[in-house]
Structure formats: C-alpha cells, structure tokens
Amino acid sequence: MMMGRSCILGAVLLTAACGVANPEQDVAEDDVTAKTCVPNCPPPTKIAFASNRGSDPAHPSNSYDIFVMGTDGTLLNRLTDDPVMDRRPKLNKARTQVVWQRDHGQTYPYLGGFEIVSANIDGSNMQRLTNWEGDDEQPAFSPDGTRIVFVHCTSRCSLYLMDADGQHLALLATDLQGSGSYLTPSFSPDGLKVVFGYEALSTSDIPFRGIYRINVDGTGLVRLNEGPPDWTSLFPVYNPAGTKIAFTTSISVQGSFKRDLYSMNADGTGLVALQNGPEDDQCPAYSPTGDTLVFARFPGGSSSSEIFMRSVNGTLINLTNTVSANDVEPSWQ
C-alpha cells in the first residue's frame, strides 16, 4: 500500500452531557463544546478511531477494528470485532453515524480490496456503500451528512463523491496533475470545497506535491501549500470556522520519514508548526470548537501509537495509553 494512504495514529472521544434545567450549567464542566445549547443540546462530543487492540491475536499488527470513545478516553465502545481490516473512520457532524474503509472478506496479510462502509454510532445498521474493482478508501462526510468524499485507487488514486447511502457516484478531481495520487480528502465547513494531499508516485510527480483545494463541482483546483522538496503533505482538515487547515507533513530525514503537524490559513498563507519535535505525529482532527486537536503519536522510543490531545496553549494529554497496541486515525465531532 502506498505511503500515506493509512495513518498510524488513534483517537479518543470526550463526552459531555447537556442539561436543560439550568442555563448556567447546560454542559458538564469538562465539556469542550459550547455551553449555550439550551434548550437544544447536541449529542455528546465523540472521537472515533481504529485500533488493533486484541482484534487478531495471530496477527496483531495487521488487524484493526473501529472504536468510539469520549474525549477524555473513557466510555469506550467497540463498533467492529472481526478478522477483517477496518481503518480510517470518520464521524458525521450529527454524531449519529460513522463511515470507514473495510477490507471486505479478506484476512491476513490484508493486501487490499477496501470498500466504504457506514454504520450507526453504536455499530448497528452496517451498510456496504461501494463494491467495484480497486480500493475505496479514506471516506469523510460532508458537514450536512448527505454526501461522502472518498479515494478510489487502482494504479493511482482519484477523488469521488457519492450520497451517504452510496448512490450517485461522481468523479470529483477530473484534472489530476502528473501521474501521482490525490489522497486523504475532507470537506470545508460550508460543504462547498474539498481539501486533500498529493502523493508523488515517481520522481516526475515531486513538483506537484502539496495540499490542494477543489470545489465540489470539480472546478477551481488550487494548490494551497507546496512545502519544501522533501515534504509530502497529507490529511488536511479545516477548523470549524473554516479559517485554518491542519495537516500532516512527512519529511525525508536521512532516508527515513518523520511526520509532524502543521497548520496554515485557509488560503495557504501563514504556515505554522504545531508539533515538530522528535516524536512521529500525524492525522490531526479539530474539536467542535476548534480550540483543541487530537492526533496520533508514537511517544519517544515507543513502537506503538497513542492518541494525544493538544490544547491551544500547547498542553498535551495522552488519551489512550494502550502501550501494546496501535490506536490510530482519530475523527472528532
């Protein structure tokens, strides 16, 4: 599988309860969502992620399931529990559904054949949404939950849109640059644009690498950020206000790759390093209020990844602490 098509980090959910009796106490004290929802409080915020914790004892590094949990790392709920590979979960904004990529019917060594599936937040009503040749990967809901953007891969990867029930499939990126792949798409908060990363498949593709944006009607392809020649930038996500984009940059260092988190303004200006220390950090996701990030990290010297939370002041919290498993690819709503 091509570098960059799967993130190695996990996520957690932090839940909070809204009360309607007292407007001054309409959510729990540790809730990160707005405290002005009375009388129409949204469901508690959650984090979905993939993990290989106990899913396939014979091949623990290759079998992953989908989990949902509260944003403090508690209230863990396992959505899948089988020997197939489940990766890249994304929650809808209403916090009622999860969509992800599933290696249907295939067990170890998991060589491909991913399709897109969806389910309710409790794991019920699982539905297969795609069923065609190639790999369908990296799905993400539109803000209103009616559409899904995803990646379809054969010899290269292109972007597609479909309805949330799998109907009305449409090619989105019709003018691919070079011969590389468009990967890891996500919607803008207004649902009118999609951002994604470009992966070079040959040396001739390197000049095209960066974070791109395209309108949902397939027009207006723009490269927002190019980065240095040794960067591959993937997993871009908007903040809820639509003013910032956080993303993962894989940097070539002496023949290996080190992953760090960066952010920029929505127009590609104002590049800022969020996490660029010695650890391997990837797959950022904003909180519903936009003041906090979750991401996957390999802590110093560790061979397994954990889900971390980073506040605006830079405070870090390890949400999973699984030690012997990889918790990866968080999605926060």
Side-chain angles (χ1 to χ4, degrees), residues 1-10 50 87-88 90 101 112 114 135 137-140 149-159 172-173 175-186 194-214 221-238 244-286 293 295-298 305 326 328-331:
M1 190 164 293
M2 292 180 289
M3 183 276 295
R5 282 171 57 182
S6 290
C7 235
I8 312 278
L9 287 165
R87 297 293 294 266
R88 295 289 298 153
K90 290 289 185 180
Q101 65 186 53
F114 284 103
D135 287 333
E137 305 181 2
Q138 305 160 13
V149 63
F150 67 98
V151 168
H152 178 70
C153 301
T154 51
S155 59
R156 64 196 294 188
C157 300
S158 304
L159 302 184
L172 173 59
D175 50 355
L176 281 166
Q177 308 273 2
S179 59
S181 287
Y182 284 2
L183 299 170
T184 60
S186 63
V194 169
V195 287
F196 54 92
Y198 183 96
E199 181 182 54
L201 301 181
S202 68
T203 55
S204 63
D205 299 327
I206 291 176
F208 299 112
R209 291 191 298 195
I211 299 297
Y212 286 75
R213 183 187 69 215
I214 193 170
L221 180 66
V222 176
R223 180 160 62 176
L224 297 175
N225 180 267
E226 179 179 354
D230 58 352
W231 279 25
T232 295
S233 299
L234 297 167
F235 302 100
V237 289
Y238 279 94
K244 300 284 186 180
I245 297 172
F247 59 96
T248 303
T249 289
S250 181
I251 303 171
S252 177
V253 180
Q254 297 180 347
S256 61
F257 289 91
K258 176 181 176 295
R259 295 169 182 87
D260 292 317
L261 303 184
Y262 283 77
S263 75
M264 61 183 172
N265 297 328
D267 63 0
T269 62
L271 184 67
V272 175
L274 297 176
Q275 295 291 151
N276 64 347
E279 295 85 0
D280 196 326
D281 298 323
Q282 48 189 310
C283 295
Y286 278 103
L293 283 172
F295 58 93
R297 161 176 284 193
F298 282 94
S305 63
N326 282 324
V328 302
E329 301 155 359
S331 171

Using a 4.5 Å cut-off on heavy atoms from C-beta on, say whether the side chain of K258 contacts that of D280.
-> no
How would you list, by chain and number, every residue that makes a ring pair (Phe, Tyr, Trp, His ring centres under 6.0 Å) with F196, sequence neighbours excluded?
-> Y182, Y212
Criterion side-chain hydrogen bond (donor to acceptor under 3.5 Å, both in side chains) on R209 and T232, from CA distance to verdict = CA-CA 6 Å; R209 291 191 298 195; T232 295; 3.2 Å; yes
Donor-acceptor pair, side chain of N326 and main chain of S305, under 3.5 angstrom | yes
F150 CZ to D135 CG distance, which is reported to the nearest 0.5 Å | 11.5 Å
Could you tell me which non-hydrogen atom of V151 sits nearest to which non-hydrogen atom of C157, and how far apart they are?
-> CG1-CB, 3.4 Å
Does the N265 side chain pair with the main chain of D267, one donor and one acceptor, at a distance under 3.5 Å?
-> no
S263 side chain to A246 backbone, donor-acceptor under 3.5 Å = no
Would you call P185 and Q138 a side-chain contact if the rule is heavy atoms closer than 4.5 Å?
-> yes
Indicate yes or no for a side-chain donor-acceptor contact from T248 to the backbone of C283 under 3.5 Å, with no hydrogens or angles considered.
-> yes
Does the side chain of S186 reach to within under 4.5 Å of the side chain of V194, using non-hydrogen atoms?
-> no
Side chains of I245 and V195: does their closest heavy-atom pair fall under 4.5 Å?
-> yes
Q101 side chain vs E137 backbone, donor-acceptor pair below 3.5 Å = no
Is there a side-chain contact between Y286 and K244 (heavy atoms, below 4.5 Å)?
-> yes
Which atom of P207 lies closest to which atom of S204, heavy atoms considered = CD-O, 3.4 Å
Indicate yes or no: at least one non-hydrogen side-chain atom of L201 is less than 4.5 angstrom from one of R156.
-> yes
Looking at side-chain heavy atoms only, is the closest gap between L172 and I214 below 4.5 Å?
-> yes
Output yes when a side-chain donor or acceptor of S331 lies under 3.5 Å from a complementary backbone atom of K90, and no otherwise.
-> no
Check the pair D281 / R259 against salt bridge (Lys or Arg N to Asp or Glu O under 4.0 Å), numbers first and verdict last.
-> CA-CA 5 Å; D281 298 323; R259 295 169 182 87; over 6 Å; no
Validation row: M264, I211 side chains within 4.5 angstrom (heavy atoms) = yes
What is the distance from atom NE2 of H152 to atom CG of L159, rounded to the nearest 0.5 Å?
-> 12.0 Å
Just jot down the side-chain contact (heavy atoms from CB on, under 4.5 Å) partners of T249, sequence neighbours excluded, or say none.
-> W231, S233, F247, I251, Y262
Please report the shortest heavy-atom distance between L261 and P284, naming the atom on each side.
-> CD2-CD, 3.9 Å
